[in-house]
Amino acid sequence: MLPARTFSISIRLDWQTLYERIWRPDFFPKWATGLAQSDLRQVGELWCADGPDGPIRVRFTPHNEFGVMDHYVDTGDGGEVHVPLRVIRNGDGAEVMLTLFRQPGMDDERFSADTKWINRDLKALKALVER
């Protein structure tokens, strides 16, 4: 098992409305700079982009009624990184939760940097959708 940390942010928007607004892969670059630093381009079932460390390929879960937005990132080193992402109801608003798995060989400095990046991205999402 990999060590994991889950981060969340509360957003003042109905959870289903929020999910419908943000679930599409082409919306991710508007807020998730930790995932992609360019527009995502669809190539068959995959989405390709420039990631923080080079080219990436991403598989996204299909649209669903549960608010699941998991994605699987292939950074080209032979493995996939699973990124669980959920939008859930929080009263009359929503909670967006992302789990970061510490990958094998990831040192404390890199894990800390990824933690900060995720929190920055979640704040960017909140600012974008609560305008």
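What you see is a predicted model; the values in this text were computed from it and never measured.
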Find out whether Leu40 and Phe60 are in side-chain contact, i.e. whether some heavy atom of one side chain is under 4.5 Å from a heavy atom of the other.
-> yes
Among the clusters formed by ILVMFWY side chains lying less than 4.5 Å apart, do Leu46 and Tyr72 turn up in the same one?
-> no
Arg41 atom CZ, neighbour heavy-atom count above 12 within 6.0 Å | yes
Who pairs with His63 by ring pair (Phe, Tyr, Trp, His ring centres under 6.0 Å), at least two apart in sequence or on another chain?
-> Tyr19, Trp23
Are there more than 12 heavy atoms of other residues, nucleotides or ligands under 6.0 Å from atom CG of Asp92?
-> no
Asn90 (side chain) donor-acceptor with Ile88 (main chain) under 3.5 angstrom | no
Would a distance-only check, ignoring hydrogens and angles, find a side-chain to backbone donor-acceptor pair under 3.5 Å from His71 to Met69?
-> yes
Using the rule that two of Ile, Leu, Val, Met, Phe, Trp, Tyr join whenever any of their side-chain heavy atoms come within less than 4.5 Å, decide whether Val87 and Phe7 are in one cluster.
-> yes
Using salt bridge (Lys or Arg N to Asp or Glu O under 4.0 Å) as the criterion, list what pairs up with Asp70, not counting sequence neighbours.
-> Arg86
To the nearest 0.5 angstrom, please state how far the CD1 atom of Ile56 sits from the CG atom of Asp50.
-> 8.0 Å
Could you tell me which non-hydrogen atom of Ala94 sits nearest to which non-hydrogen atom of Leu18, and how far apart they are?
-> CB-CD2, 3.7 Å
Kindly work out whether a path of hydrophobic side-chain contacts (I/L/V/M/F/W/Y, heavy atoms less than 4.5 Å apart) joins Phe101 to Val68.
-> no
Closest non-hydrogen atom pair between Arg57 and Cys48, with its separation | CG-SG, 3.8 Å
Would you say the side chain of Leu13 lies within less than 4.5 Å of the side chain of Glu130, judging by non-hydrogen atoms?
-> no
When the side chains of residues 24-34 are checked against the rest of the protein, which donor-acceptor pairs come out under 3.5 Å, sequence neighbours left out?
residue: Arg24; atom: NH1; partner: Glu20; partner atom: O; Å: 3.2
residue: Thr33; atom: OG1; partner: Trp117; partner atom: NE1; Å: 2.7
residue: Thr33; atom: OG1; partner: Asp121; partner atom: OD1; Å: 2.9

Output the distance between atom CD1 (Ile118) and atom OG (Ser8), rounded to the nearest 0.5 Å.
-> 12.0 Å
Has Glu45 got more than 12 heavy atoms of other residues, nucleotides or ligands less than 6.0 Å from its CD?
-> no
Note, Arg102 side chain near Asp108 side chain (heavy atom, < 4.5 Å) | yes
Considering only heavy atoms from C-beta outward, does the side chain of Phe111 approach that of Arg5 to under 4.5 Å?
-> yes
Are any non-hydrogen side-chain atoms of Thr61 and Leu85 less than 4.5 angstrom apart?
-> no
Linking I/L/V/M/F/W/Y whenever any side-chain heavy atoms sit under 4.5 Å apart, do Met97 and Ile22 land together?
-> no
How many angstroms lie between atom CG of Leu125 and atom CD1 of Ile11, to the nearest 0.5 angstrom?
-> 4.0 Å
Single-linkage hydrophobic cluster Val81~Met106, side-chain heavy atoms < 4.5 angstrom | yes
